[in-house]
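Basis for what follows: all heavy atoms, side chains included, without hydrogens, waters or symmetry-related copies. Both ligands and their constituent atoms are indexed starting at 1 by order of listing. Remember, predicted model here, so these are calculated numbers, not experimental data. If you read the sequence from its start, that first residue is 1, and numbering goes on from there.
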Amino acid sequence: MEPYTAPRGTFDVIPGASGEERWRNSFLWQHIESVLRQTARDFGFYEIRTPAFERTELFTRTVGEGSDIVSKEMYTFIDRGDRSMTLRPEGTAAALRSFIENRLDQTPYHKVFYIAPMFRYERPQKGRYRQHHQFGAEVIGIASPEQDAELIAFAYTIYQKLGITALNVNINSVGDLESRTAYKAALSAYLEPRLQELSEDSRERFSKNMLRILDSKAPQDQEILKTAPKLLDFLSQTAKSHFDRVLSLLTSLNIPYTIDPKLVRGLDYYNHTVFEVTSTGLGSQNAIGGGGRYDGLVKELRGPDLPSVGFGMGLERILHTLLHAGAPLPSPDAPALFLIPMDDKSAAVALEIALKLRRAELYTEIDLSLKKIKHGLKLASDLGALYSMVIGETEVTSQKGSLKNMATREAREISFAELEVVLKSALR
Ligand code: HAM
C-alpha cells in the first residue's frame, strides 16, 4: 500500500528538521513568528484571526476575476449546504470582511495583522507552495502618504530584525482611477497594432486585465514594452503628489528603494502606492513581500468608504532567504536538567522533582521509558541537556543525586531540595 504523504505543494513544520530541510524546523517558525509579533506590537498593530475559508464571492469581487489567483488558483468547493466556499488565497479580503463585520472602525484598532496559511493551486517549486503562510498587515481608514511610508517602514524593519540584509524595495504608483483610465487608453492604443506579436498570455490579458501585461516576463513582450507609454507619466496631479511624498518620506527614513515603473502586482484592488520586496539570494520565487494601497475596497465590500493600505510577506521565502544567507539563527532551548530514573519507584520521585522545577520555569525532561542509563544519557545529549541526574534506589533513600554537567562531564552531589537554586544560578 502507498504510504500517506502530505499533499503535493504542502509540507510539515516539524522539530529537528535540518540540512536542506531546516526551513521546516518548527523552532525557526516560532522564532520568526515571535519577531513578527513583537515588531507588530512596537508599530501598534493588533492581531486578527479569520476562518481558513470564506464565501467564494469575497475573493472574486476583490482580488479580481481577471487575476491568476481567481481564474486559475483557488481551492473552491461546494459545501453540503450548496454554498460555494473558497480556502483563503490571500489575507486582505478576509481581514476587511472581518473589520467591517465586527465594526472595528468604531474602535481604536484600525491597524491589524495576521499570520495565517493561504491556499493557491500553483505549480509547486522551491519557494512556491499550494499552502503557504503569510504575515500580513492592513491599516484601514487613513489616506495619507505618511501612512504608506509608516507601513513600508514596518515591513522593512521586520526584514532587518530577522537579519535579511540583501533585499530590494521596488515601488511604483498605479495612480487613482483617473490616472489609470488615461493610461489604459494610451497603452491600448500602443499595443493594439502589435497584438499579434505579444505572447499568448498577454493577448489574453489585453482584454481582461491590460495592466498585467506590464508584468510579463516573455522576451517578445519585454521588447514591445520598452517603448510603451509609462504609467508614471499618466499620474494625475493628486496621484503624483501622493507618490512623491511617499518617496521623500522613505528617503528621510533611510529606507532605500528602487522605482519600478512596470510594477503593477497580481491583485486587482490596488491604487496609488504599490511595492514589492525581493531578496537577492533567491531564484525565481524571490518576492518576499508585497503590498500597496487599496482605497476603494472596504466600500466595495459594503463597508464604510475607508481608504486602506497593507502588505503581505511569505514566511517560507523569508526562511529560505535567511538560511541561504547563513544569517545567525537562534538554536532551540535545551533542557536544564535531564532526569534518568531507574525503576518505577524512582520514576515517581523524578516526576515530583520535575514538576517542582517546571513550575519554577526550568526546562526539565525525564526519560520515562525506564530503559537503561545509556538510553537516557543518549537522549539527554541529543536534546543538548545541560545537566543530567540518574535516580535509583540509593538516591531516593538519601534524597540526593549526582548532578552531571553534560559538557564537562564533571559531577557533584546535590540534594533534590537544592536543585532549583543550583540550576538557576548555573543558568544565569
Ligand atoms: P501577494 O503578493 O500575492 O500579496 O502575496 C504576498 C507574499 O506572499 C508574496 O510576496 C510571497 O512572499 C508570498 N507568496 C505568495 N504566493 C506564494 C506561494 N504560492 N508560495 C509561497 N509564498 C507565496 C497578497 O497576498 C496581498 N494580500 C498582500 C497585501 C496585503 N496587499 C495589501 N495588503
Using a 3.5 Å distance criterion without hydrogens, assess whether the side chain of [X] forms a donor-acceptor pair with backbone atoms of [Y].
{"X": "S199", "Y": "A218", "value": "no"}
{"X": "Q222", "Y": "S216", "value": "yes"}
{"X": "K356", "Y": "E420", "value": "no"}

Point to revise | Result of checking R123, R205, K208 against D68 for salt bridge (charged side-chain N to carboxylate O under 4.0 Å, His left out) | key: R205
Those atoms of ligand 1 less than 4.0 Å from some heavy atom in [X]:
{"X": "E122", "result": "16 (N), 18 (C), 19 (N)"}
{"X": "G289", "result": "10 (O), 12 (O)"}
{"X": "R128", "result": "19 (N), 20 (N)"}
{"X": "G291", "result": "31 (N)"}

Study note, to complete from the structure: Which of R37, E33, H31 passes side-chain contact (heavy atoms from CB on, under 4.5 Å) with V35? Answer is H31
Review point. At the 4.0 Å heavy-atom cut-off, does G127 count as touching ligand 1?
Key: yes
**Study point:** Proximal candidate to atom 23 (C) of ligand 1 [heavy atom criterion; set E276, H132, H320, E316]
**Key:** H132
Revision key, fill the gap. Filtering R317, R123, R120, R265 for the heavy atom nearest atom 2 (O) of ligand 1 leaves R265
Tell me the protein heavy atom at minimum distance from [atom], and give that distance in Å.
{"atom": "atom 30 (C) of ligand 1", "answer": "T92 OG1, 3.0 Å"}
{"atom": "atom 33 (N) of ligand 1", "answer": "E138 OE1, 2.8 Å"}
{"atom": "atom 31 (N) of ligand 1", "answer": "Y270 OH, 2.7 Å"}
{"atom": "atom 7 (C) of ligand 1", "answer": "G312 O, 3.7 Å"}
{"atom": "atom 27 (N) of ligand 1", "answer": "E90 OE1, 2.5 Å"}
{"atom": "atom 12 (O) of ligand 1", "answer": "A287 O, 2.8 Å"}
{"atom": "atom 20 (N) of ligand 1", "answer": "Y129 N, 3.0 Å"}
{"atom": "atom 26 (C) of ligand 1", "answer": "Y269 OH, 3.4 Å"}

Exercise for review: Evaluate the side-chain contact (heavy atoms from CB on, under 4.5 Å) criterion for residues L198 and Q196: first the C-alpha distance (whole Å), next the side-chain angles of each, then the deciding distance (0.1 Å), finally the verdict.
Suggested key: CA-CA 6 Å; L198 286 174; Q196 292 320 311; over 6 Å; no
Review point. Can you tell which part of I288 has a heavy atom less than 4.0 Å from ligand 1: side chain, backbone, both or neither?
Key: backbone
Review point. Is the shortest side-chain N to carboxylate O distance from R194 to E197 below 4.0 Å?
Key: no
Review point. Is the shortest distance from a Lys or Arg side-chain nitrogen in K240 or D244 to a carboxylate oxygen in the other one below 4.0 Å?
Key: yes
Exercise for review: Rounded to the nearest 0.5 Å, what's the gap from CG on D295 to CD on E300? Could you check?
Suggested key: 13.5 Å
Exercise for review: Please determine, by modelled atom types, if T92 and E138 share a side-chain donor-acceptor pair under 3.5 angstrom.
Suggested key: yes
Exercise for review: Could you please spell out the steps behind the side-chain contact (heavy atoms from CB on, under 4.5 Å) verdict for E365 and R358?
Suggested key: CA-CA 9 Å; E365 190 49 290; R358 288 163 170 171; 3.5 Å; yes
Check your understanding: N/O to N/O below 3.5 Å, does that happen between I69 and ligand 1?
Key -> no
Review point. What about Y114: any of its N or O atoms under 3.5 Å from an N or O on ligand 1?
Key: no
